[in-house]
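Below, each value reflects all heavy atoms present in this structure, side chains not excepted, and no hydrogens, waters or symmetry copies. Start at 1 with the first residue, then count along the sequence.
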Amino acid sequence: MLRRMRHRPSNLLQSLVAAWLCLLCYAWSAAQTPTDLTYIKAGRLFDGRSDKLLSNAVIIVQGKQIMQVGQGLAVPSGANVIDLGDLTVMPGLIDAHTHIVLHAGDYDAQILRETPEFRAIYATRSALLTLEAGVTTIRDLGNEGAGFADIALRDAIAQGLVPGPRIIAAIRPVTSTGGYRLVGYSPYHTLPPLSSSADGPA
């Protein structure tokens, strides 16, 4: 009798094992079904793979990453949903040649009269307008005479301080000495550099 009881697990031990298994199942279930998913619903979707629009589109987003895109995907009950109604959504556009710190107007006046700080503020507004036009990434190819305002804007956008597209910045062009500069001015004036000079085999 005592020998048989020695090998039989107690009710307390059985309860502990059952509770531990329940915790494992809950943790596994939570890992399989993230709670930070957002479901974006739209009337139509252009995915760029064909010239046809998908209807009843659903975009599943986790954090900042798009996890799945499709037509009529199931949306769980109680999920975080952004319903765009009958609007059409499409991938963000990429502009591969920009000068975000330059703006319309007299080119020389920007470089000679405007400070890099003013141009950085102007560029912040331009970045917002660019993003609102549907361009989510730009490849910026230099901003003459603005110092590193383009890099400051790139970093501010990346850190979420101001809205704008993702910026891939080339910074300053590399040219031979005197090969890229403002022209038509007296040689006695010291003009702002537009590029970084590099001569010789290197």
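F118 and F148 fall into different hydrophobic clusters, defined by Ile, Leu, Val, Met, Phe, Trp and Tyr side-chain heavy atoms under 4.5 Å apart, directly or through other members. One hydrophobic cluster, built from ILVMFWY side chains closer than 4.5 Å, holds both Y185 and I111. When the side chains of ILVMFWY residues are joined at heavy-atom separations under 4.5 Å, either directly or via intervening members, V101 and I167 end up in a single hydrophobic cluster. Following chains of ILVMFWY side-chain contacts shorter than 4.5 Å, one can reach L87 starting from I40, so the two form part of one hydrophobic cluster. Residues L128 and L102 are members of separate hydrophobic clusters, defined by side-chain heavy-atom contacts under 4.5 angstrom among Ile, Leu, Val, Met, Phe, Trp and Tyr.
Here the straight-line distance linking atom CG of D140 with atom CD1 of I168 works out to 10.5 Å at 0.5 Å rounding. In this structure, CD1 in I94 is found 8.0 Å from CZ in R166, a value given to the nearest 0.5 Å. Note: T124 OG1 to L129 CG = 11.0 Å, rounded to the nearest 0.5 Å. One distance of note links CD1 of I138 with CG of D95; it measures 7.0 Å at 0.5 Å rounding. Here T130 contributes atom OG1 and R125 contributes atom CZ; the two are 10.5 Å apart, rounded to the nearest 0.5 Å. Rounded to the nearest 0.5 angstrom, N80 CG and I82 CD1 are separated by 6.0 Å.
Contact of the L45 side chain with the T88 side chain is not registered, since no non-hydrogen atoms from C-beta on lie closer than 4.5 Å. Side-chain atoms of L112 and P192, non-hydrogen and from C-beta on, do get closer than 4.5 Å to each other. Residues V61 and L37 fail the side-chain proximity criterion, which asks for heavy atoms closer than 4.5 Å. Inter-residue side-chain proximity for R154 and D150 is flagged as unmet; no heavy-atom pair is nearer than 4.5 Å. Counting heavy atoms from C-beta on, the side chains of D47 and L54 come closer than 4.5 Å. Side-chain contact between Y107 and L182 is present, with at least one heavy-atom pair separated by less than 4.5 Å.
The number of heavy-atom neighbours closer than 6.0 Å to CZ of R44, taken from other residues, nucleotides and ligands shown, is above 12.
In terms of heavy-atom proximity, A198 sits nearest to V174 at CB-CG1, 3.6 Å. Considering every non-hydrogen atom in both F46 and D51, the closest pair reads CE1-CA, 4.4 Å. When all heavy atoms are compared, the tightest approach of H99 to L141 is CE1-O, 3.6 Å. In terms of heavy atoms, P165 sits closest to A127 at CD-O, 3.3 Å. Taking both residues in full, the closest heavy atoms of I157 and G164 are given as CG2-O, 3.4 Å, listed atom of the first, atom of the second, then distance. Between V58 and K41 the shortest heavy-atom distance is CG2-CG, 4.4 Å.
Shown here are the side chain to side chain contact (heavy atoms under 4.5 Å, CB included) partners of I121, two or more places apart in sequence or in another chain: there are none.
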Report all side-chain donor-acceptor pairs from residues 63-76 shorter than 3.5 Å, counting only partners two or more places apart or in another chain.
from, atom 1, to, atom 2, distance (Å)
Q71, NE2, S55, O, 3.3
Q71, NE2, S55, OG, 3.0

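Salt-bridge formation is not detected for the pair R113/D106: no Lys NZ or Arg NE/NH1/NH2 atom is positioned less than 4.0 Å from an Asp or Glu carboxylate oxygen.
The main-chain N or O of I100 is found under 3.5 Å from a side-chain atom of N143 such that the two form a donor-acceptor pair.
Ring pair H103/Y122 is parallel by interplanar angle, where below 30° counts as parallel and above 60° as perpendicular.
If you check the side chains of D199 and S176, you find no donor sitting under 3.5 Å from an acceptor. For the residue pair S195/R172, the side-chain donor-acceptor check at 3.5 Å is not satisfied.
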